[in-house]
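Starting from 1, each residue takes its place in the sequence as its number. Note that this is a predicted model, so its numbers are computed, not measured.
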Amino acid sequence: MTTTTWLDLPADSPFGVHNLPYGVFTAPDRPGRRIGVRIGEQVLDAGAAARAAGAPSELLDLLAAETLNPLMAAGRPTWQAVRGALTEWLTDAAHRAAVEPCLLDLADVELHLPFEVADYVDFFASEHHATNLGKIFRPGSEPLTPNWKHLPIGYHGRSGTIVVSGTPVTRPHGQRKAPADAAPTFGPSRRLDIEAEVAFVVGTPSAMGSPVALADFAEHVFGVCLLNDWSARDIQAWEYVPLGPFLGKSFATSLSPWVVPLDALQHARIAPPARDVEPLPYLDDRDAEPWGLDLAIEVVLNGRTVSRPPFASMYWTAAQQLAHLTVNGASLRTGDLCASGTVSGPEPDTRGALIELTWNGEHPLKFPDGTERTFLEDGDEVTIGATAPGPGGLRVGFGEVTGRIVG
Ligand code: MN
């Protein structure tokens, strides 16, 4: 069901009261970092609104914090109470006089990383992406490794270099060695790439030795963001055997500023694609409510759309990823961020990385102005956006994650 706000919003806004994503902002005339909730093209100063609306102190304390971490740690019943309160403040005309002064224009605020990232994990959950990379890197052999359909493959990344959307990305330097070269050389990456990904953030922690079951996903996960896993393919190709990604990815990872709550995505839930290998019981979601999500993603390079990856095509769901991440007894911390892996669909124009879109640089992208791209050049700007189905035919907006390459 949709609820009507007293704000003057377009009826089809992807940032209506059905969404209410959380972020953190600064504004010129308000001290400190503040939690904001996006509504239309405005930001609600959530702490100020809680005070103005006379919210109870435990809720006020969470919304007056400088990051989302305290709210994320408070757990699902509190998330639902806060979301209910926000909805009431923005829909009940009785709150209008108090709450309206707490709205700022989006253009007048600066957005920051919305939470302190604890551990960062990146998965590899698109069968199309994994197959394409297998064909490119290991021609002549089976594209998927023998483990791929038995477990969601991932690696632990570097949380300290996760940056908010809009942060410039400095081209990394490192060892590069093409297969035909006798020895590596050192210098700037010549094969700088993107990976269009969707990430979930953990709110409720878990104890060491206590795996999180598939069915408990929504008790632990606070919300969903967009992520660009910038990747230096030349550095990656030389360093990754046998321990996996390292410096080819750790120089920067960009995150969208808005966290879409899981409760805003109920209409986006779908069954994942049919699996042709029976999963082990802890990963078997065939009798559960599925956690596939029908996000429509768009990848824009220098103002032109180069791909539309469908998140619905992902083989492994976020719930399976969380179950696998903890099945060995590893604990969760508030702020743990888990990225999906590159989202690539079956069609060539739905691939989420340049290495696939250009097939390892063999087929450059050609633009109407005569320019071409294989990998990113200095000054290039990449923006990844997404929406998902919401109630009553509405869309749920994720906003975007953008970054420009500097040499
Ligand atoms: Mn990745």
Looking at every heavy atom in both [X] and [Y], which two are closest together, and how far apart are they?
X      : Y      : answer
Ala312 : Ile270 : CB-CD1, 3.3 Å
Ser307 : Gly352 : OG-N, 4.3 Å
Pro257 : Pro114 : O-CG, 3.6 Å
Ala237 : Phe137 : CB-CE2, 4.1 Å
Gly345 : Ser313 : CA-OG, 3.9 Å
Gly36  : Val43  : CA-CG1, 3.7 Å

Rounded to the nearest 0.5 Å, what separation is found between the [atom1] atom of [X] and the [atom2] atom of [Y]?
X      : Y      : atom1 : atom2 : answer
Asn302 : Arg304 : CG    : CZ    : 8.0 Å
Phe124 : Ile153 : CZ    : CD1   : 6.5 Å
Ser13  : Leu7   : OG    : CG    : 10.0 Å
Leu44  : Ile35  : CG    : CD1   : 11.0 Å
Arg158 : Tyr155 : CZ    : OH    : 12.5 Å
Leu365 : Arg373 : CG    : CZ    : 9.5 Å

Distance flag, aromatic centroids of Phe398 and Trp258, threshold under 6.0 Å: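 Ring-ring flag for Trp258/Phe398: false, centres at least 6.0 Å apart.
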Within the 3.5 Å criterion, strictly below it, is a donor on [X] or [Y] matched to an acceptor on the partner's side chain?
X      : Y      : answer
Trp238 : Gln175 : yes
His112 : Thr26  : yes
Thr185 : Arg176 : yes
Asn360 : Arg191 : yes

Residue Glu88 excluded, over 12 heavy atoms near CD under 6.0 Å: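 Yes, because the 6.0 Å sphere around CD of Glu88 holds more than 12 heavy atoms from other groups.
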CG (Asp29) with more than 12 external heavy atoms under 6.0 Å: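 Result for CG/Asp29: enclosed.
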Side chain to side chain contact (heavy atoms under 4.5 Å, CB included) assessment of Val201 paired with Phe115: CA-CA 9 Å; Val201 59; Phe115 52 88; 3.6 Å; yes
Are [X] and [Y] close enough that some pair of their side-chain heavy atoms sits under 4.5 Å apart?
X      : Y      : value
Trp230 : Ser254 : yes
Ile235 : Lys249 : no
Phe222 : Tyr22  : yes
Asp105 : Glu41  : no
Leu376 : Asp193 : no
Leu283 : His324 : yes
Leu71  : Trp79  : yes
Glu197 : Val401 : no

salt_bridge([X], [Y]) N-O dist < 4.0 Å:
X      : Y      : result
Asp45  : Arg34  : yes
Arg83  : Asp263 : no
Asp349 : Arg308 : no
Arg395 : Asp12  : no

Okay, side chain of [X], backbone of [Y]: is any donor-acceptor separation there less than 3.5 Å?
X      : Y      : result
Thr358 : Leu354 : yes
Thr161 : Ser250 : yes
Thr91  : Thr87  : yes
Thr350 : Pro309 : no
Asn19  : Gly397 : yes
Asp181 : Ala183 : no
His220 : Thr204 : yes
Thr334 : Gly203 : yes

Partners passing side-chain hydrogen bond (donor to acceptor under 3.5 Å, both in side chains) against Glu400 (at least two apart in sequence or in another chain):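 So Glu400 forms no side-chain hydrogen bond (donor to acceptor under 3.5 Å, both in side chains) with any residue.
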side-chain hydrogen bond (donor to acceptor under 3.5 Å, both in side chains) partners of Asp287, counting only residues at least two apart: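 Asp287 satisfies side-chain hydrogen bond (donor to acceptor under 3.5 Å, both in side chains) with no other residue.
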Passing option when Thr402 is tested against Thr383, Asn228, Val300, Ile384 for side-chain contact (heavy atoms from CB on, under 4.5 Å):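 Exactly one option meets the side-chain contact (heavy atoms from CB on, under 4.5 Å) with Thr402, and it is Thr383.
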Ring-face cation contact, Tyr315 with Arg275, 6.0 Å cut, 45° max: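 Judged by the rule (NZ or CZ under 6.0 Å from the ring centre, within 45° of its axis), Arg275 counts as positioned above Tyr315.
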Residues forming a salt bridge (Lys or Arg N to Asp or Glu O under 4.0 Å) with Glu219, sequence neighbours excluded: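 Glu219: salt bridge (Lys or Arg N to Asp or Glu O under 4.0 Å) contacts with Arg76.
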Residue list, ring-ring contact (aromatic ring centres under 6.0 Å, His included) with Phe200, at least two apart or on another chain: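 Residues passing ring-ring contact (aromatic ring centres under 6.0 Å, His included) with Phe200: Phe217.
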Full working for salt bridge (Lys or Arg N to Asp or Glu O under 4.0 Å) between Arg171 and Asp378: CA-CA 8 Å; Arg171 180 178 298 273; Asp378 291 349; 2.8 Å; yes
Only distances under 3.5 Å count here; give the side-chain donor-acceptor pairs of residues 58-68 to other protein atoms, sequence neighbours excluded, each with its distance to 0.1 Å.
from  : atom 1 : to    : atom 2 : distance (Å)
Thr67 : OG1    : Asn69 : N      : 3.1
Thr67 : OG1    : Asn69 : OD1    : 3.1

Steps toward side chain to side chain contact (heavy atoms under 4.5 Å, CB included) verdict (Glu289, Arg269): CA-CA 9 Å; Glu289 273 237 44; Arg269 290 178 68 170; 3.3 Å; yes
From CA spacing to verdict: side chain to side chain contact (heavy atoms under 4.5 Å, CB included), Leu247, Glu239: CA-CA 8 Å; Leu247 304 185; Glu239 74 176 1; 3.5 Å; yes
Stepwise side chain to side chain contact (heavy atoms under 4.5 Å, CB included) test for His128 and Glu356: CA-CA 10 Å; His128 306 290; Glu356 293 169 84; 5.6 Å; no
Please list, one pair per line, the donor and acceptor atoms closer than 3.5 Å that link side chains of residues 336-343 to other protein atoms, with sequence neighbours excluded.
from   : atom 1 : to     : atom 2 : distance (Å)
Asp336 : OD1    : Asp119 : N      : 3.0
Asp336 : OD2    : Arg333 : N      : 2.9
Ser340 : OG     : Val198 : N      : 3.1
Ser340 : OG     : Val198 : O      : 3.2
Thr342 : OG1    : His129 : NE2    : 3.4
Thr342 : OG1    : Glu195 : OE1    : 3.3
Thr342 : OG1    : Glu195 : OE2    : 3.4

